[in-house]
A.B. asks: 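Okay, handing you the structure first.
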2 protein chains.
Amino acid sequence: MLGKKESCCSNRGNRLPKIKEMEIPDSIRQELEQLGGFDALADRIPQREDLEEKSRIYHALSDPLRLTILHLLKDQPLCVCVIKKFVRIADSKLSYHLAILKERGLITGEYQGNWVIYSLTADGRSFVR
Amino acid sequence: MLGKKESCCSNRGNRLPKIKEMEIPDSIRQELEQLGGFDALADRIPQREDLEEKSRIYHALSDPLRLTILHLLKDQPLCVCVIKKFVRIADSKLSYHLAILKERGLITGEYQGNWVIYSLTADGRSFVR
DNA sequence: ACGATATTTCAACAAAATTTGAAATGAGAT
DNA sequence: ATCTCATTTCAAATTTTGTTGAAATATCGT
């Protein structure tokens, strides 16, 4: 969803204006100052890497077809051949979506005889409860 | 992420092949039959509307910048003017991302004087615990 | 009503994700 | 080795998302 080098989020090390010097609504200023001001607020933002990792997982989940696949795998592993009967799409398209789920660590797949069998990972499982 | 009319997921009403008639790996067949076969499997797939709704929420979360905004709002509402100091991007860009979070019901915003103040919704909050 | 500041909207553009169909690969059977 | 079936890979075309800068809107103070 986002390349490697773009600055998107983290903030640490950015010089923030002093809260005193900024014109902001009173209610906001007061609450913020009680909670430690801008510096404390900056500390509440997770590391950029963590945000990027999370956003990639959410991206994998951001498609109904991929959610369907996760639900199909909820109670047992399945070969592509069975998944295919439920999501009626081109093989290559199914493969593409399986690859995304796999790359994000939500499912794993391995050959078993002629077939490839996919299962949920623990991470994947956490989203189909 | 996905248009209205595409068939993407649900499956109900699709004629499925009989599990007996299909060639699938033995281990899979056995487990599946124990769990009620193809019909039961089909029933485990949520309604298409639910999947689409969920996928749109996940899509909103699939960007590090938007996740940053949610974290900024975790402990108190903020005006755009403060958010802007933390995510250093063009105003219109920030507005675009705020609009996505808002449209997906993760934040709400309202004018208070000259400023617009955003807060997490209950839904939004559930993702920044 | 007018001017100033904060924020949003819009349309054009750029970038990223998805779809498609053909070709390639993996694995067992012959 | 060759055939066949299941699945993946690839590159090109298409669609969706995100970015940009200019213009519009909201609200307040005068």
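Naming convention: chains lettered A, B, ... in sequence-line order (proteins, then strands); numbering from 1 in each chain.
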A.B. asks: Rounded to whole Å, please give me the gap between CG in Leu65(A) and P in dT19(C).
C.D. replies: 7 Å
A.B. asks: In this structure, how many angstroms lie between the P atom of dA6(C) and the CG atom of Leu78(B), rounded?
C.D. replies: 16 Å
A.B. asks: Between Ser55(A) and Glu52(A) (side chain of the first, backbone of the second, donor and acceptor by atom type, cut-off under 3.5 Å), is there such a pair?
C.D. replies: yes
A.B. asks: Under 4.0 Å between a side-chain N or O of His97(A) and OP1 or OP2 of dT19(C)?
C.D. replies: yes
A.B. asks: For dA6(D), does either OP1 or OP2 sit under 4.0 Å from a side-chain N or O belonging to Lys84(A)?
C.D. replies: no
A.B. asks: Can you identify which nucleotide, out of dT8(C), dA17(C), dT8(D), has its nearest atom closest to the His59(A) side chain?
C.D. replies: dA17(C)
A.B. asks: In whole angstrom, what separates Leu98(A)'s CG from dT18(C)'s C1'?
C.D. replies: 14 Å
A.B. asks: Could you please name the option among dT8(C), dT8(D), dT20(D) that lies closest to any side-chain atom of Ser95(B)?
C.D. replies: dT8(C)
A.B. asks: At under 4.0 Å between heavy atoms, which parts of nucleotides 25-30 of chain D does protein reach? Answer with one letter per nucleotide, 5' to 3': B base, S sugar-phosphate only, - none.
C.D. replies: -BBS--
A.B. asks: Would you say Thr121(A)'s side chain and Gly105(A)'s backbone share a donor-acceptor pair under 3.5 angstrom?
C.D. replies: yes
A.B. asks: Measure the acute angle between the ring planes of Phe127(B) and Tyr58(A), then classify it against the limits of 30° and 60° as parallel, tilted or perpendicular.
C.D. replies: perpendicular
A.B. asks: Name all residues meeting the salt bridge (charged side-chain N to carboxylate O under 4.0 Å, His left out) criterion together with Glu53(B); count only those two or more places apart in sequence or in a different chain, and write none if there are none.
C.D. replies: Arg56(B)
A.B. asks: Using modelled atom types and a 3.5 Å cut-off, is there a donor and acceptor pairing between side-chain atoms of Arg125(A) and backbone atoms of Lys74(A)?
C.D. replies: yes
A.B. asks: Among dT20(D), dT20(C), dG18(D), which nucleotide sits nearest the side chain of Ser92(B)?
C.D. replies: dT20(D)
A.B. asks: Any idea which of dT8(C), dT17(D), dT20(D) is nearest the Tyr96(B) side chain?
C.D. replies: dT17(D)
A.B. asks: Roughly how many Å is it from CD1 in Ile28(A) to C1' in dA6(C), rounded to a whole number?
C.D. replies: 14 Å
A.B. asks: Is the phosphate of dT8(C), meaning OP1 or OP2, less than 4.0 Å from a side-chain N or O of Tyr118(B)?
C.D. replies: yes
A.B. asks: Could you tell me the separation between the OH atom of Tyr58(A) and the C1' atom of dA16(C), rounded to a whole number of Å?
C.D. replies: 21 Å
A.B. asks: Taking NZ from Lys93(A) and P from dT15(D), how many angstroms apart are they, rounded to a whole number?
C.D. replies: 12 Å
A.B. asks: Counting only N and O atoms by type, is there a donor-acceptor contact under 3.5 Å from the side chain of Arg66(B) to the main-chain atoms of Ala60(B)?
C.D. replies: yes
A.B. asks: Rounded to whole angstrom units, what separation is found between the CG atom of Leu94(A) and the C1' atom of dA6(D)?
C.D. replies: 11 Å
A.B. asks: Using a heavy-atom cut-off of under 4.0 Å over every strand shown, decide if Ile100(A) touches base, sugar-phosphate, or nothing.
C.D. replies: sugar-phosphate
A.B. asks: Within this structure, what is the CD1-to-P distance between Ile117(A) and dA6(D), rounded to whole angstrom?
C.D. replies: 13 Å
A.B. asks: Scan side-chain atoms only and decide if Arg44(A) and His71(B) contain a donor-acceptor pair under the 3.5 Å cut-off.
C.D. replies: no
